[in-house]
Protein chains: 2
Amino acid sequence: MAKEKARDLRAGVALLWGEQDQPTRGPKPSLTPHRIAEAAVAIADAEGLDAVAMSKVAAEFGVSAMALYRYVPGKAELVQLMVESVLAPAPDLSAVGEGWRPQIIEWARRSAKIHRSHPWLLAATAMRRQLMGPNQLAWLDAALAALEPAGLTAAQQHRVFVLVAGLVRTLVQQQLDFDEEHSQEWIRLTGELLGRHADRFPALTRAIAAGAFAPDTVDPLEFGLDRILDGVQTLIDRA
Amino acid sequence: MAKEKARDLRAGVALLWGEQDQPTRGPKPSLTPHRIAEAAVAIADAEGLDAVAMSKVAAEFGVSAMALYRYVPGKAELVQLMVESVLAPAPDLSAVGEGWRPQIIEWARRSAKIHRSHPWLLAATAMRRQLMGPNQLAWLDAALAALEPAGLTAAQQHRVFVLVAGLVRTLVQQQLDFDEEHSQEWIRLTGELLGRHADRFPALTRAIAAGAFAPDTVDPLEFGLDRILDGVQTLIDRA
DNA sequence: CGCAACTGCTGATGAGATAAACAGTTTTGG
DNA sequence: CCAAAACTGTTTATCTCATCAGCAGTTGCG
């Protein structure tokens with residue numbers, strides 16, 4: 001997780017923002033960072049982020065692993081490109097109509113949808129503070145724009161964004177976990193354990209008995225948004 | 001991230017819950033899973049989760065890497081033990097007084113404190129749905145117990161827990177990122193980029209100009225809790 | 001034309017997890 | 001008391017990956 005790989009932040013920036021000058025001499029490049037990222041995305045979608053090995057991505061193009069290093073400084077930067085690739089295009093919330101609340105809700109829904117479509121995205125963005133690419137920034141911009149009409153202070157606006165973005169991450173993670181194959185086995189084992197130690201976890205035992213962990217018709221994301229945005233509304237009203 | 005390592009879930013369970021029978025024959029074990037986990041925690045605290053290599057942990061005890069496999073099925077299980085180790089003891093909120101709100105707030109504060117003290121904890125628990133050990137369950141139990149007086153349905157209670165736990169994770173992550181050494185460099189670079197593309201990110205540019213990202217006297221955790229719990233209160237009042 | 005700037009390749013290195021087989025230790029059943 | 005069983009720790013050996021170095025072929029500019 002915490003690999004020191006400062007390398008040269010600047011190299012990554014140039015790549016992420018497409019601010020590189022095209023070479024004139026030499027053989028024509030047969031690849032582009034973008035195509036490489038897309039191939040990597042395909043692998044990650046199908047087999048998870050761990051399956052994205054330089055050699056495997058390279059194989060998609062029939063070249064050796066080292067060939068990729070002509071296009072991408074290293075794996076970390078490749079993952080960044082994958083993220084950018086998947087975040088395009090940034091959401092356009094102009095059709096959602098007026099009001100900060102519907103707009104930020106729509107933002108959250110779209111964000112959640114992308115994260116669900118690319119289960120590795122959470123892990124890819126969970127890592128160290130990364131420099132954000134244009135698309136990541138565009139998503140941030142869209143959220144802030146949505147919140148502007150709420151009339152919060154700039155600092156509050158930022159904090160609300162963090163809450164909503166965090167909510168999306170949390171709930172998508174939950175859902176992905178639940179959908180996972182081992183999930184049933186996990187639930188069974190945990191239930192068994194709990195039965196054996198019910199006295200140590202009284203509140204949990206009660207909650208389970210009352211169906212707290214049973215499948216639920218309410219979308220947890222909608223529930224969370226309602227709570228958070230109600231809280232924000234309270235803040236606005238109070239001002 | 002997504003390594004298939006079902007191995008035998010049961011082995012991990014037994015280990016995590018200390019449900020293993022002590023061997024009688026053979027040489028006395030010189031270590032215990034618990035001592036190993038503590039050494040690993042020390043390493044992770046000092047150098048990050050990536051620095052926790054079997055060989056490095058083993059070196060702490062002057063034994064070979066493979067010796068650890070006599071105590072722990074593999075690295076994944078070791079990380080689980082580290083988590084359990086760090087989550088002990090479970091929080092006792094009985095001294096906090098009455099009321100669901102102060103109690104769940106206290107729960108969140110203590111959870112945040114532990115996560116801040118062990119920056120690797122977030123990464124360690126971010127992974128695949130893991131089987132929870134007794135201490136992890138005890139934390140869950142404590143949170144549910146705190147929420148009981150609120151009079152929510154069991155399902156709502158669970159959802160609120162998820163919101164609060166997610167909030168803690170989100171905000172600790174933020175704070176850890178910010179404290180990181182490269183942070184300043186990151187902020188500078190991002191600012192530079194933003195200046196060069198201000199027109200593409202109007203809302204963001206406005207927000208920054210208005211100080212949205214400036215250091216803030218408000219604790220983001222308290223802010224988030226206030227919003228979420230206000231939202232929960234609204235839900236309760238409505239019922 | 002000849003070199004500089006490139007592209008892709010092969011081979012090497014080093015980190016890490018972990019499997020396999022072995023040697024020494026201790027306990028217990030006969 | 002002794003030998004086999006049950007263990008502990010060790011050495012060796014694989015495997016998977018990222019990534020560095022150095023090489024060979026390509027191409028466009030001066």
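Lettering follows sequence order; numbering is per chain, from 1.
For A/Ser85 (side chain) and A/Leu81 (main-chain N/O), no donor-acceptor pair under 3.5 Å exists by modelled atom type. Checked by atom type and distance alone, the side chain of A/Arg110 never pairs as donor or acceptor with a backbone atom of A/Ala90 at under 3.5 Å.
Rounded to an integer number of Å, the gap from CD of A/Gln20 to P of C/dT7 is 11 Å. The separation between B/Asp50 atom CG and C/dA15 atom P is 15 Å, rounded to whole Å. Between the CG atom of B/Leu49 and the C1' atom of C/dG16 there is a distance of 14 Å, given to the nearest Å. The distance between atom CG of A/Leu78 and atom P of D/dC17, rounded to the nearest whole Å, is 14 Å. Rounded to whole Å, the distance from CD1 on A/Ile43 to C1' on D/dT16 is 15 Å. Distance NZ (A/Lys75) to P (C/dA15): 19 Å, rounded to an integer number of Å. Per the geometry, NZ belonging to B/Lys28 stands 12 Å off P belonging to D/dC7, to the nearest Å. Note: CZ (A/Phe61) to P (C/dC9) measures 13 Å, nearest angstrom.
Between A/Phe201 and A/His197, the angle of the ring planes goes over 60°, which puts this pair in the perpendicular group of the 30/60° scheme.
Counting non-hydrogen atoms under 4.0 angstrom, B/Tyr71 reaches the backbone sugars and phosphates but no base. Residue A/Val57 is out of contact with every strand shown, counting any heavy-atom pair closer than 4.0 Å. Looking at heavy-atom distances under 4.0 Å, A/Val72 makes no contact with the nucleic acid at all.
For the pair B/Thr24 and D/dC7, the criterion of a side-chain N or O lying under 4.0 Å from OP1 or OP2 is not met. Phosphate proximity of D/dT10 to B/Tyr69: absent, as no side-chain N or O sits under 4.0 Å from OP1 or OP2. Contact annotation: B/Ser55 side-chain N/O to C/dA15 OP1/OP2 distance is not under 4.0 Å. Put simply, A/Lys56 has no side-chain N or O that comes within less than 4.0 Å of OP1 or OP2 on D/dT16.
Screening B/Ile228, B/Val162, B/Leu163 for a side chain to side chain contact (heavy atoms under 4.5 Å, CB included) with A/Leu167, the sole residue that qualifies is B/Leu163.
A salt bridge does not link B/Glu60 to B/Lys56: none of the charged nitrogens lies less than 4.0 Å from a carboxylate oxygen.
Checking C/dT18, C/dT7, C/dG8 against every side-chain atom of A/Ala67, the shortest atom distance belongs to C/dG8. For B/Arg70, taking side-chain heavy atoms from C-beta onward, the closest of the listed nucleotides C/dC9, C/dC6, D/dG9 is D/dG9. Residue B/Pro27 places its side chain closer to D/dC7 than to any other of D/dT10, C/dT7, D/dC7. Listed nucleotides: D/dC23, C/dC6, D/dT8. Nearest to the side chain of B/Pro29: D/dT8.
Mapping A/Gly26 and A/Met54 onto DNA chain D by nearest heavy atom places A/Met54 closer to the 5' end of the strand. Closest-nucleotide positions on DNA chain C for B/Arg25 and B/Met66 were compared, and the one nearer the 5' end corresponds to B/Met66.
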Discussion item. Apply side chain to side chain contact (heavy atoms under 4.5 Å, CB included) to residues A/Leu16 and A/Gln136 and explain how you reach the verdict.
Written reply: CA-CA 11 Å; A/Leu16 223 46; A/Gln136 241 175 321; 5.9 Å; no

